[in-house]
Every structure is written in C-alpha cells, then in structure tokens.
J.: 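Attaching a single structure in structure tokens format; questions to follow.
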Amino acid sequence: MGGVKAMIGKRAPRALWCAERGDATLSGMNIPFLGNWRKRYDLARGTAVMATREADPQGVAQLLSECELLRARAASAGVGLDDSAASLEALDQLLPRWRDDPEELTWLGNDAGLYLGTVIIRTVPGALWQVWPNGRPVVRLASGREIDVVGAGQEWAADGAPELSRVYAEVAEI
C-alpha cells in the first residue's frame with residue numbers, strides 16, 4: 001500500500017503503461033481490442049458530432065437528414081434524393097469529382113453517410129439514430145446492431161466502396 005501512496009500524483013512507470021504515445025500497449029504488448037475501442041469511443045474527427053443526450057429524436061432525425069452538400073451535388077448531376085434505396089443506387093453511379101478537393105471529400109463523405117442513415121431510418125422497421133459517447137451518430141437496428149453509416153459514407157466518398165446501395169441491402173435484409 002505504501003507504494004501506491006508514493007505513486008499518487010506521479011506518472012506510472014513506462015513498463016506498466018505506455019499510453020503516452022497514443023497506442024494501445026501494456027508493457028510494449030499490442031492489445032488490439034483497445035485500438036478497436038478507441039475507434040468507437042474516442043473523439044470523432046471529420047464527422048457529425050452531436051450531444052449524446054438529445055430529447056427530440058424526430059428533430060435529430062430531421063437535422064441529420066439535411067445533407068446539403070450531397071443534395072446539391074446530386075441535384076447538379078440530375079439525381080433526385082427522395083430517401084429511397086433507388087436514390088442510393090443513383091448516388092453510386094455519380095462521377096466522383098469531389099475526390100480532387102480534400103475538404104469537400106470529407107464533407108461529402110459525411111453527408112453521404114448521414115443520407116444513407118436517413119434512408120435506413122425511413123425504410124427499415126425499428127431502425128433509429130443512436131449517438132455514441134464520442135458524439136458520432138450511428139444507426140441502431142431493431143436487433144441491436146449498430147451501423148457506422150458516417151464511416152461507410154466517408155469510405156464511399158474516398159474509394160467508391162462499399163457502395164451505399166450495397167450497405168443498405170445488407171442492412172435491409174436482416
């Protein structure tokens with residue numbers, strides 16, 4: 001117990017905890033589940049961040065469904081976004097002109113994820129928005145499974161995969 005009192009206010013020895021580098025190690029060992037936990041619960045970067053305690057779920061759904069940049073880009077390409085699975089297929093066919101602008105890429109990916117979530121919420125029974133402790137909005141299915149739609153949207157904007165319509169099809173068949 002005397003050793004514990006001596007440690008109060010001091011930093012733990014490096015041999016016990018090596019978190020100062022930001023990696024998930026203990027005595028130099030890689031612990032993968034900590035890295036996965038951090039991906040889920042660390043501060044969300046480049047995404048929609050919200051308060052974790054929203055009292056108005058319909059207001060949150062309305063706010064997340066706006067996706068202004070995505071709607072503007074889709075409209076300029078002649079694609080109407082009507083919150084349907086067919087509109088996701090149409091988005092998958094757009095030429096990715098946004099990839100030349102890193103700032104637009106981030107925002108468009110965020111909007112694409114929020115739009116994907118909006119389509120899921122409106123068409124899959126029991127689906128609703130859930131906000132992780134880090135403020136990242138995800139879709140929670142009736143089964144309890146959580147879908148990181150913002151992450152999927154950002155991957156789609158950057159790489160074209162996974163296709164938004166494919167993510168929706170996988171979610172809708174459960």
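Values below: all heavy atoms of this structure, side chains included; hydrogens, waters and symmetry mates excluded. Numbering starts at 1 and runs along the sequence shown.
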J.: Tell me, which pairs form a salt bridge (charged side-chain N to carboxylate O under 4.0 Å, His left out) where one or both residues lie in residues 82-92, sequence neighbours left out?
T.: Arg71-Asp83, Asp83-Arg122
J.: In Å, rounded to the nearest 0.5 Å, how long is the span from OG1 of Thr106 to CG of Leu69?
T.: 11.0 Å
J.: How long is the straight-line distance from CD of Glu155 back to CD of Glu163, given to the nearest 0.5 Å?
T.: 13.0 Å
J.: What residues, two or more places apart in sequence or in another chain, satisfy side-chain contact (heavy atoms from CB on, under 4.5 Å) together with Ala127?
T.: Ile120, Ile121, Val124, Val139, Leu141
J.: Is there a side-chain contact between Val150 and Arg136, using heavy atoms and a 4.5 Å cut-off?
T.: yes
J.: Which heavy atom of Gly109 sits nearest a heavy atom of Ala157, and at what distance?
T.: CA-CB, 3.5 Å
J.: Kindly give the heavy-atom pair with the smallest separation between Leu91 and Tyr115, and that separation in Å.
T.: CD1-CD2, 3.7 Å
J.: So which atom in Gly153 and which in Leu164 form the shortest heavy-atom distance, rounded to 0.1 Å?
T.: CA-CD2, 4.3 Å
J.: Spell out, yes or no, whether Trp132 and Leu128 are grouped together once hydrophobic residues are joined by side-chain heavy atoms under 4.5 Å, including indirect joins.
T.: no
J.: Are the side chains of Ser84 and Val119 in touch, meaning some heavy atoms are under 4.5 Å apart?
T.: no
J.: CG of Leu70 to CG of Leu116: how many Å apart, nearest 0.5 Å?
T.: 10.5 Å
J.: Within the distance-only criterion (no hydrogens, no angle test), does the side chain of Arg99 pair as donor or acceptor with the backbone N or O of Leu105 below 3.5 angstrom?
T.: no
J.: Would you mind reporting whether Thr123 and Tyr168 have side-chain heavy atoms less than 4.5 Å apart?
T.: yes
J.: Roughly how far, to the nearest 0.5 Å, is CZ of Arg145 from CZ of Arg140?
T.: 12.5 Å
J.: Quick one: ring pair (Phe, Tyr, Trp, His ring centres under 6.0 Å) partners of Trp107, sequence neighbours excluded?
T.: none
J.: Rounded to the nearest 0.5 Å, how far apart are CD of Glu103 and CG of Leu108?
T.: 12.5 Å
J.: Would you give the length of the straight line joining atom SG of Cys67 to atom CZ of Arg73, rounded to the nearest 0.5 angstrom?
T.: 13.5 Å
J.: Which heavy atom in Pro162 sits nearest to a heavy atom in Ala152, and how many Å separate them?
T.: CD-O, 4.4 Å
J.: Can you see which heavy atom on Leu95 is nearest to which on Trp98, and at what distance?
T.: O-CZ3, 3.5 Å
J.: Which heavy atom of Ser87 sits nearest to which heavy atom of Gly80, and what is that distance?
T.: CB-O, 3.8 Å
